[in-house]
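Beneath this line is the structure, given in structure tokens, with notes to follow.
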Amino acid sequence: MLDIRLIRARPDFVRERLATRSSELPQQVDDVLKIDSERRQMETRVQQLNAERNKLSKQIGMLRSKKESSAEQESNVRAIGDEIDRLSQASAAAAELQTTLLLGIPNLPHANVPIGADAGANPEVRVWNEKPVFSYQPLDHVELGTKLGLFDLERAVKISGTGFVCFTNLGARLQRGLTQFLLDLQTIENGYVEICPPHLVRRECMVGTGQLPKFEKDAYELEEGQTFLIPTAEVPLTNLYRNEILSYQDLPKYLVAHTPCFRREAGSAGRDTRGLIRIHQFNKVELVKITTPETSYQELEKLTADAEKVLERLDLHYRRIELCTGDLGFSMAKTYDLEVWAPGQGRYLEVSSCSNAEDYQARRMNLKFKDVDGKNRFCHTMNGSGTALARLYVALVETYQQPDRSILIPEPLRDYVGFKEIR
RNA sequence: GGUGAGGUGGCUGAGUGGUCGAAAGCGGCGCUUUGCUAAAGCGUUGUACCUCUAAAGGGUACCGAGGGUUCGAAUCCCUCCCUCACCGCCA
């Protein structure tokens with residue numbers, strides 16, 4: 001969440017930055033400022049009354065110990081108490097409203113993020129390899145997978161409903177080998193610490209990373225909204241140190257986890273309904289970094305490169321785009337998307353989204369560090385997929401299909417999956 | 001799931017209704033002493049918020065969380081969370 005002090009001190013700056021995301025946001029700044037000023041007025045008054053009451057109560061204590069009458073002080077203090085009750089209730093309600101409003105305001109885009117309305121304005125910043133050329137019409141992963149028995153979509157629907165997949169036989173093994181490959185790459189080569197976190201998290205965690213309260217319909221909830229199935233390992237990983245004060249010497253933290261991700265895809269019914277591209281449960285290897293503010297942008301570049309290494313090792317064609325202000329995720333100040341080419345689809349698929357939330361998530365989850373001077377400051381958090389398994393799988397299978405409809409396993413993966421081809 | 005004990009500052013640990021934000025010790029920081037190290041002595045040492053400000057200052061809240069009783073709560077009551085022990089069940 002945004003720093004209320006920044007909003008107070010530089011409201012025009014905040015309004016102007018938010019307007020680059022969406023035109024209705026500046027109004028929310030005014031709403032917060034109004035309630036903030038009302039709240040502070042009441043709070044100040046309550047504190048004055050409390051000071052008065054504390055003074056009188058002490059007098060009462062002293063008078064009683066001297067066996068003197070304190071009737072006058074008692075009646076005064078009772079009157080003050082009533083006033084405090086009334087005012088502090090109002091002030092608490094205002095504080096709650098303020099928090100609610102603040103939680104609903106997205107992060108400020110970083111100054112160097114290109115301004116634009118939607119995905120159409122996202123500039124391409126890097127391209128790797130070229131589109132593979134086929135002498136025939138490449139098949140899509142559903143045809144290939146069905147023919148080779150890599151997964152069973154019909155039976156998955158039977159047991160779980162649309163939007164689920166069941167990997168089978170060599171198809172399941174391919175995913176397992178791919179997962180192991182990704183984890184080894186990020187831990188052994190890139191220095192991330194492997195975490196196997198819970199897949200069910202408390203509500204506060206979802207608030208901490210920004211999924212809640214605004215996007216509750218997108219998540220699978222349990223126990224009447226007290227716990228949620230994670231939509232990404234970003235949630236448990238980033239929240240690992242929630243409510244803690246780390247030492248600057250502990251930073252940066254590099255964390256990686258392989259988990260399933262559960263998404264209801266509430267707003268996207270009817271989109272990408274075929275195959276593995278948009279499903280309710282998919283696996284993902286997620287990278288998270290917790291850093292000082294001074295190094296976060298440099299760390300974001302490195303993190304993005306760490307994710308790109310996956311696609312490069314597998315020799316896939318991809319591009320890196322930067323999200324413009326209108327397309328940025330709620331909690332993020334800057335984001336690069338990695339899109340891999342899927343020949344059977346004839347389009348790029350987003351397999352990683354690498355973002356810096358700056359201190360936006362850290363504020364929501366009260367994650368601080370003690371700097372060299374002993375001052376407590378909010379950490380910066382960033383995350384990116386390294387990468388989403390299901391879509392990587394699609395690109396891999398479609399790119400490495402052979403004229404006889406077998407699939408060649410790229411060299412770096414062979415030891416992991418245990419075979420050179422699937423036919 | 002059952003029963004019992006318990007959650008106090010960076011740590012250990014006192015405190016059972018009134019100058020308690022909280023004794024004491026440890027740790028940390030500063031100064032003094034010192035050939036170095038060590039030790040000793042003295043001082044200092046939480047967070048958030050409000051107000052005011054050039055700076056300083058003043059105030060409020062916080063003893064797991066939330067609510068209640070009371071003129072007044074770390075202390076009494078209720079709910080929840082968590083930890084520990086034992087029992088039951090179980091991958």
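First the proteins, then the strands, lettered A, B, ... as listed; each starts at 1. As the structure is a prediction and not an experimental result, all values here were calculated from the model.
Comparing A:Glu52 and A:Arg78 along RNA chain B, the residue whose closest nucleotide (by nearest heavy atom) sits nearer the 5' end is A:Glu52. The 5' end of RNA chain B is approached more closely, in terms of each residue's nearest nucleotide, by A:Gln47 than by the other of A:Gly81 and A:Gln47.
In this structure, OG1 in A:Thr100 is found 10.0 Å from CD in A:Gln98, a value given to the nearest 0.5 Å. In this structure, CG in A:Leu2 is found 5.0 Å from CD1 in A:Ile7, a value given to the nearest 0.5 Å.
Across B:U51 and B:U32, the matching C1' atoms stand 40 Å from one another, rounded to whole Å. Rounded to whole Å, the C1' atom of B:G6 lies 14 Å from the corresponding atom of B:C63. B:C71 and B:A65 have their P atoms separated by 25 Å, with the value rounded to a whole Å. Separation of the C1' atoms belonging to B:A74 and B:A23 is 14 Å when rounded to the nearest angstrom. Between the P atoms of B:C76 and B:G7, the separation comes to 11 Å (whole Å). Remark: the separation of the C1' atoms in B:G13 and B:G9 is 11 Å, to the nearest Å. B:G88 and B:G4: their C1' atoms are spaced 15 Å apart (whole Å). Nucleotides B:U75 and B:G21, compared at atom C1', are 15 Å apart to the nearest Å.
Separating the CG atom of A:Asp36 from the P atom of B:C49 is a distance of 12 Å, rounded to the nearest angstrom. Summarising the geometry, the separation between CD on A:Glu204 and C1' on B:G64 is reported as 14 Å, rounded to the nearest angstrom. If you measure from atom CZ of A:Arg53 to atom P of B:U70, you get 12 Å, rounded to the nearest angstrom. Rounded to whole Å, atom C1' of B:U70 lies 16 Å from atom CD1 of A:Ile80. Atom CG of A:Asp250 and atom P of B:G10 are 16 Å apart (whole Å). At whole-Å resolution of the value, CD in A:Gln89 and C1' in B:G67 are 12 Å apart. Atom CG of A:Leu246 is separated from atom C1' of B:G10 by 14 Å (rounded to the nearest Å). At whole-Å resolution of the value, CG in A:Asp82 and P in B:U70 are 11 Å apart.
For B:U60, the paired nucleotide is B:A48, the pair qualifying as Watson-Crick or G-U wobble because both relevant distances are below 3.5 Å. Across all strands shown, B:U79 forms a Watson-Crick or G-U wobble pair, both distances under 3.5 Å, with B:A65. B:U53 is unpaired under the criterion used here, namely a Watson-Crick or G-U wobble arrangement in which both key atom distances are under 3.5 Å. Base-pair partner of B:A85: B:U3 (Watson-Crick or G-U wobble, both distances under 3.5 Å). Base pairing of B:C11: its partner is B:G25, meeting the Watson-Crick or G-U wobble criterion (both donor-acceptor distances under 3.5 Å). Pairing for B:A74 is absent, with no Watson-Crick or G-U wobble pair whose two atom distances lie under 3.5 Å. Across every strand in view, B:U19 sits unpaired, with no contact that passes the Watson-Crick or G-U test at under 3.5 angstrom. If you check B:A40 for Watson-Crick or wobble pairing at under 3.5 angstrom, you find it paired to B:U32.
In this structure, A:Arg45 does not reach the B:U60 phosphate: none of its side-chain N or O atoms is under 4.0 Å from OP1 or OP2. One finds a side-chain N or O of A:Arg5 lying less than 4.0 angstrom from the OP1 or OP2 phosphate oxygen of B:C49. Contact between the side-chain N/O atoms of A:Asn54 and the OP1/OP2 oxygens of B:U60 is found at a separation under 4.0 Å.
Comparing B:C71, B:G59, B:U47 against the side chain of A:Lys370 picks out B:U47 as the nearest. With distances taken from any side-chain atom of A:Ile60 to the nucleotides B:G18, B:U19, B:C49, the minimum falls on B:G18. For A:Arg202, the side-chain atoms get nearest to B:C82 when compared with the rest of B:G59, B:C82, B:C71. Relative to the side chain of A:Lys58, the nucleotides B:C71, B:U19, B:C49 differ in distance, and B:U19 lies closest. In this structure, the nucleotide among B:U47, B:U60, B:C49 sitting nearest to the side chain of A:Asn50 is B:U60. Among the nucleotides B:U60, B:C81, B:A48, the one closest to the side chain of A:Lys368 is B:A48.
With A:Arg155 as the fixed residue, the side chain to side chain contact (heavy atoms under 4.5 Å, CB included) test singles out one of A:Ile159, A:Val157, A:Asp152, A:Leu153: A:Asp152.
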**OP:** Begin with the C-alpha distance, continue with both residues' side-chain angles, and end with the deciding distance and a verdict on salt bridge (charged side-chain N to carboxylate O under 4.0 Å, His left out) for A:Glu16 and A:Arg10.
**Re:** CA-CA 10 Å; A:Glu16 176 252 310; A:Arg10 302 173 65 193; over 6 Å; no
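Note: A:Tyr220 and A:Phe262 have perpendicular aromatic rings, judged against thresholds of 30 and 60 degrees for the angle between ring planes. Relative ring orientation between A:Tyr192 and A:Tyr254 is described as tilted, the plane-to-plane angle lying within the 30° to 60° band. Aromatic ring pairs are classed by plane angle as parallel below 30°, tilted from 30° to 60° and perpendicular above 60°; the pair A:His280 and A:Phe164 is tilted.
Residues A:His141 and A:Glu398 bring a donor and an acceptor atom of their side chains to less than 3.5 Å of each other.
Nucleic acid contact class of A:Asn376 (heavy atoms, under 4.0 Å, all strands): sugar-phosphate only. Using a 4.0 Å heavy-atom distance criterion, A:Arg8 is classed as a sugar-phosphate-only contact.
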